[in-house]
Amino acid sequence: MSEPHLPAAEQDGQAPALIYIVDDDLSIARLLTHVLTEFGFLAEAFGTGAAVLRRLQTTRPDLCIVDLGLPDMDGIELVRQIALQSHAGVLILTGRGHTVDRVMGLELGGDDYVTKPFEPRELVARVRSILRRRAPHTGTAVGSARRLASFAGWTLDCAANILRAEDGTEHVLGVAEVQVLRTFLERPHQILSREQLVGHRGLSPMDRSIDVRISRLRRKIEVDPMDPRIIKTVYGAGYVFSASVSWS
């Protein structure tokens with residue numbers, strides 16, 4: 001008999017991650033609940049945005065899978081509300097083909113997106129990727145002790161997901177932003193591909209999620225985001241982080 005497909009946290013003896021599924025399509029909600037449970041996660045399904053927002057008042061999940069086409073509210077607004085009310089990761093699940101919807105979802109707090117129809121194992125891989133990126137914030141990962149990275153007058157607190165300026169101004173970064181920034185900080189002065197920065201292979205040329213994350217970071221750390229000096233684009237290759245980095 002094959003061993004159960006446990007997420008890394010449960011293999012280390014920690015509690016399985018709790019995932020909320022928000023989709024009014026009962027067949028998809030059942031499929032996701034079954035697949036996630038099979039892979040060792042805890043899963044709860046909700047048919048409306050209002051229902052999951054009520055649940056957030058009492059129990060905070062590790063991640064929410066949100067369908068953008070909900071009957072009672074716009075999914076983009078729900079993504080924003082989840083980001084405001086919790087530290088949960090957000091995986092956007094959508095049948096919408098419009099790039100603007102995906103970009104808006106990422107801008108408002110989404111970590112990644114999957115379009116319908118989807119392959120369940122790919123979705124599980126995306127879920128695991130988001131949870132790994134969340135580990136420094138939640139403290140669930142082995143070796144996730146607080147680490148401070150300083151660069152160009154900024155300090156990133158990797159345990160709290162806080163970016164601090166020299167004058168003490170603080171920005172709480174989203175999970176996706178921290179993942180990209182930390183990848184840069186660990187490999188400064190190296191050209192990194194979009195696949196390396198987003199954390200998985202086979203990235204579609206049409207996938208603009210990494211560009212959205214880069215744009216958000218530039219707006220925070222660059223003097224002039226339109227003429228970046230820290231995160232530079234290397235056309236046809238990726239991006240390079242040009243500042244020197246020190247860790248403590």
Side-chain angles (χ1 to χ4, degrees), residues 4-12 14-25 28-49 51-68 70 75-94 102 105-116 118-141 144 158-161 172-180 182 198-200 209 212-213:
H5 302 282
L6 298 179
E10 190 170 351
Q11 289 173 346
D12 292 334
Q14 299 169 352
L18 173 61
I19 299 173
Y20 287 172
I21 302 158
V22 192
D23 197 317
D24 63 318
D25 187 323
I28 290 180
R30 285 174 174 168
L31 171 64
L32 289 175
T33 301
H34 173 75
V35 169
L36 291 168
T37 302
E38 183 181 49
F39 277 81
F41 298 101
L42 299 176
E44 294 184 32
F46 304 85
T48 65
V52 75
L53 290 175
R54 286 194 299 270
R55 181 64 166 151
L56 282 173
Q57 301 305 309
T58 58
T59 304
R60 302 293 173 84
D62 297 286
L63 183 142
C64 295
I65 299 175
V66 178
D67 176 34
L68 293 185
L70 297 173
I76 296 293
E77 174 60 19
L78 179 59
V79 169
R80 189 181 75 85
Q81 289 293 329
I82 291 171
L84 289 173
Q85 297 183 32
S86 75
H87 292 297
V90 176
L91 177 63
I92 297 169
L93 182 62
T94 177
R102 298 193 293 269
L106 295 171
E107 286 277 10
L108 294 173
D111 296 288
D112 203 349
Y113 64 85
V114 173
T115 56
K116 299 177 182 179
F118 58 89
E119 210 290 315
R121 287 180 178 270
E122 179 190 354
L123 185 139
V124 170
R126 299 290 185 98
V127 165
R128 284 176 164 169
S129 178
I130 294 172
L131 291 173
R132 282 196 299 270
R133 299 198 300 261
R134 290 192 74 252
H137 179 82
T138 60
T140 57
S144 62
C158 297
N161 287 10
V172 179
L173 301 184
V175 175
E177 289 175 286
V178 169
Q179 183 239 342
V180 172
R182 183 156 183 167
V198 83
H200 57 78
S209 59
V212 173
R213 297 170 196 176

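The analysis underlying the following values was restricted to heavy atoms, covering all of them including side chains, and did not include hydrogens, waters or symmetry mates.
With hydrogens and angles ignored, the 3.5 Å screen pairs a side-chain donor or acceptor of Asp62 with a backbone N or O of Leu18. Although no hydrogens or angles enter the test, the distance criterion places no donor-acceptor pair under 3.5 Å between the side chain of Arg60 and the main chain of Ala88. The backbone N or O of Leu91 sits nowhere less than 3.5 Å from a side-chain atom of Asp112 that would complete a donor-acceptor pair.
Across all their heavy atoms, Gly110 and Val79 have their closest contact at N-CG1, 3.7 Å. Across Leu78 and Gly49, no two heavy atoms sit closer than the pair CD2-CA, 3.9 Å. When all heavy atoms are compared, the tightest approach of Gly89 to Asp111 is CA-OD2, 3.1 Å. Listed here is the closest heavy atom pair of Ile28 and Asp23: CG2-OD2, 3.5 Å. Pairing each heavy atom of Gly47 with each of Leu70, the nearest pair is O-CD2, 4.5 Å.
Here the CG atom belonging to Asn161 is positioned 11.5 Å from the CD atom belonging to Gln179, to the nearest 0.5 angstrom. The structure places CD1 of Ile21 at 10.0 Å from CG of Leu63, a figure rounded to the nearest 0.5 Å. The distance from the CD atom of Glu44 to the CG atom of Leu36 is 12.0 Å, given to the nearest 0.5 Å. The distance from atom CG of Leu56 to atom OH of Tyr20, rounded to the nearest 0.5 Å, is 6.0 Å. Between Arg55 atom CZ and Leu53 atom CG the span is 13.0 Å, to the nearest 0.5 Å. One distance of note links CG of Leu131 with CZ of Arg126; it measures 14.0 Å at 0.5 Å rounding.
Not counting sequence neighbours, Ala125 has no partner by the side-chain contact (heavy atoms from CB on, under 4.5 Å) test.
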**Study point:** From CA spacing to verdict: side chain to side chain contact (heavy atoms under 4.5 Å, CB included), Val127, Ile65
**Key:** CA-CA 9 Å; Val127 165; Ile65 299 175; 4.2 Å; yes
**Study point:** side chain to side chain contact (heavy atoms under 4.5 Å, CB included) assessment of Leu93 paired with Leu32
**Key:** CA-CA 11 Å; Leu93 182 62; Leu32 289 175; 3.8 Å; yes
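At least one side-chain heavy atom of Ile76 sits less than 4.5 Å from a side-chain heavy atom of Leu68.
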